[in-house]
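A quick note: this is a predicted structure, and the numbers were derived from the prediction, not measured. To find a chain, count down the sequence lines: A is the first, B the second, and so on, and within it residues start at 1.
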Protein chains: 2
Amino acid sequence: MTPTPPQTSGQQDVDTRERLLASGAELFAEKGFNGCGLAEVLRHAGVPKGSFYHWFGSKEEFGIALIERSRDEYMDLVRPVLSDRKTGPIQRLRKAFELGREHADSEASTDVCLVTRLALETGNLSQSVLAAVKCVHQQWNALIAQILREAQASGEIGPGEDPDRLAGVLLMLWEGATIRMQIERDARALDDFLDLVFDRLLGRN
Amino acid sequence: MTPTPPQTSGQQDVDTRERLLASGAELFAEKGFNGCGLAEVLRHAGVPKGSFYHWFGSKEEFGIALIERSRDEYMDLVRPVLSDRKTGPIQRLRKAFELGREHADSEASTDVCLVTRLALETGNLSQSVLAAVKCVHQQWNALIAQILREAQASGEIGPGEDPDRLAGVLLMLWEGATIRMQIERDARALDDFLDLVFDRLLGRN
DNA sequence: TCATGGGAGTAGACCGGTCGGTCTACACGA
DNA sequence: TCGTGTAGACCGACCGGTCTACTCCCATGA
């Protein structure tokens with residue numbers, strides 16, 4: 001279905017696909033899915049249109065690949081932190097979000113998590129892209145809920161909390177902070193998020 | 001500069017402008033500023049292109065008019081609640097947000113606050129539209145901060161809080177909840193927001 | 001009283017540019 | 001020679017915006 005990565009022919013071809021994805025991630029995060037035409041992605045990547053449609057069936061399919069890539073990248077970044085058994089669950093969670101903050105700080109200030117960026121475009125996103133966004137959200141939600149359950153088991157948070165619901169709230173706060181950052185062009189919103197969640201909401205540690 | 005409202009000639013002309021604004025508010029809230037072409041707005045309003053450019057200088061100018069209209073509508077809705085001196089500040093604030101929740105509930109679930117909707121489009125919004133969004137945010141922020149100061153004066157919240165910063169956090173949470181609602185097509189996210197903010201964050205009342 | 005001129009507003013054909021997507025031609029290694 | 005991938009001209013649809021033609025109302029003045 002999707003072209004398989006080449007085995008013998010060197011890396012020029014992989015390069016093309018990878019260049020497209022990198023350009024797409026950058027430009028879509030900055031301008032949104034509908035706000036950026038293929039021509040611009042192509043120009044930025046230095047790839048002709050024919051090559052694009054060799055690797056991807058449509059702009060939509062390209063978008064979904066980008067969403068999944070974005071999730072995988074973030075997961076890779078965060079996994080070692082989350083699975084570090086030397087620190088408590090809440091502290092691990094905090095570190096994971098701090099990684100996200102640092103990421104936002106290091107990029108151009110307009111650059112924001114692609115998944116969040118696409119989330120508010122849902123109204124004019126196609127059904128399949130929307131589904132991909134939703135799916136990643138659920139995965140993140142489950143991941144956070146898992147950590148919260150650990151925290152509950154170790155007594156770091158009260159047994160009365162619903163981990164799934166609390167995870168949803170955390171994710172939702174993070175998204176709000178991301179919009180705020182986007183408007184104000186200032187990562188301070190993410191600091192406010194960290195303060196709020198870890199000092200006041202899950203506090204006393 | 002802008003065409004003055006007609007004084008003597010009845011209301012057909014005002015009607016045209018109003019119909020355009022109503023259609024624009026509905027369609028832009030659903031599809032975003034860039035996700036919806038003028039032709040669609042025109043068709044929905046039953047107004048020819050010539051009339052549109054009679055009333056508005058450009059799509060951009062139209063967008064700014066919509067943002068300001070959205071703000072005014074919400075302000076009118078919320079003002080009586082916020083200025084009701086019979087209830088405490090925090091309770092008034094809660095009521096105002098609950099009004100927002102009810103509004104979201106009554107509309108089609110895709111329909112969301114226009115200002116929030118445009119906020120994440122900042123990347124591909126023109127400078128002037130972005131400025132309008134930012135301006136409305138600051139006005140809301142100031143409004144909330146004012147209420148919080150009252151709450152501080154009456155001892156409902158601690159004197160250590162920074163009202164402006166806290167107002168920013170509240171607004172940011174609200175936006176996160178709005179995105180969440182958009183993705184899940186479910187207003188439960190707004191309930192979570194209300195619980196979090198008023199039962200836990202500003203709690204004990 | 002009524003002809004008339006002009007501004008307000010309606011109506012939609014039309015413009016160049018850009019959109020996502022298709023198509024053919026070609027380079028190159030196995 | 002055939003499959004893989006590059007290259008870009010080209011397509012119809014649609015974008016925001018312009019332009020001309022037209023209707024209608026009413027202010028003016030003899």
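With salt bridges taken as basic N to acidic carboxylate O contacts below 4.0 Å, none links A/Glu30 and A/Arg117. The existence of a salt bridge linking B/Asp195 and A/Arg165 is confirmed by a sub-4.0 Å separation between a basic side-chain nitrogen and an acidic carboxylate oxygen.
In terms of phosphate contacts, B/Trp55 brings no side-chain nitrogen or oxygen within less than 4.0 Å of OP1 or OP2 of C/dA8. Note on B/Thr16: a side-chain N or O is less than 4.0 Å away from OP1 or OP2 of C/dT10.
Between A/Asp15 atom CG and D/dT6 atom C1' there is a gap of 14 Å when expressed in whole angstrom units. Computed from coordinates, the A/Phe52 CZ to D/dG8 P distance equals 17 Å when rounded to whole Å. Rounded to a whole Å, the CG atom of A/Leu42 is 12 Å from the P atom of D/dT6. Between the NE2 atom of A/His54 and the C1' atom of C/dG21 there is a distance of 17 Å, rounded to whole Å.
Cation-pi geometry between A/Lys59 and A/Phe52 is not met at under 6.0 angstrom from the ring centre and within 45 degrees of the axis.
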Close N or O pairs between protein and nucleotides 17-20 of chain C (under 3.5 Å):
unit_1 : atom_1 : unit_2  : atom_2 : d
C/dG20 : OP1    : A/Lys59 : NZ     : 2.5
C/dG20 : OP2    : A/Leu38 : N      : 2.5
C/dG20 : N7     : A/Lys49 : NZ     : 3.3

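In this structure B/Arg69 satisfies the side-chain contact (heavy atoms from CB on, under 4.5 Å) test together with B/Glu18, B/Leu21, B/Ala22, B/Ala25, B/Glu73, sequence neighbours excluded.
Applying the ring-ring contact (aromatic ring centres under 6.0 Å, His included) test to pairs two or more places apart or on separate chains, those with a residue in residues 78-101 of chain B are B/Phe97-B/Trp174, B/Phe97-B/Phe193.
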**Item:** Full working for side chain to side chain donor-acceptor pair (under 3.5 Å) between B/Thr116 and B/Glu175
**Value:** CA-CA 6 Å; B/Thr116 306; B/Glu175 272 148 14; 4.7 Å; no
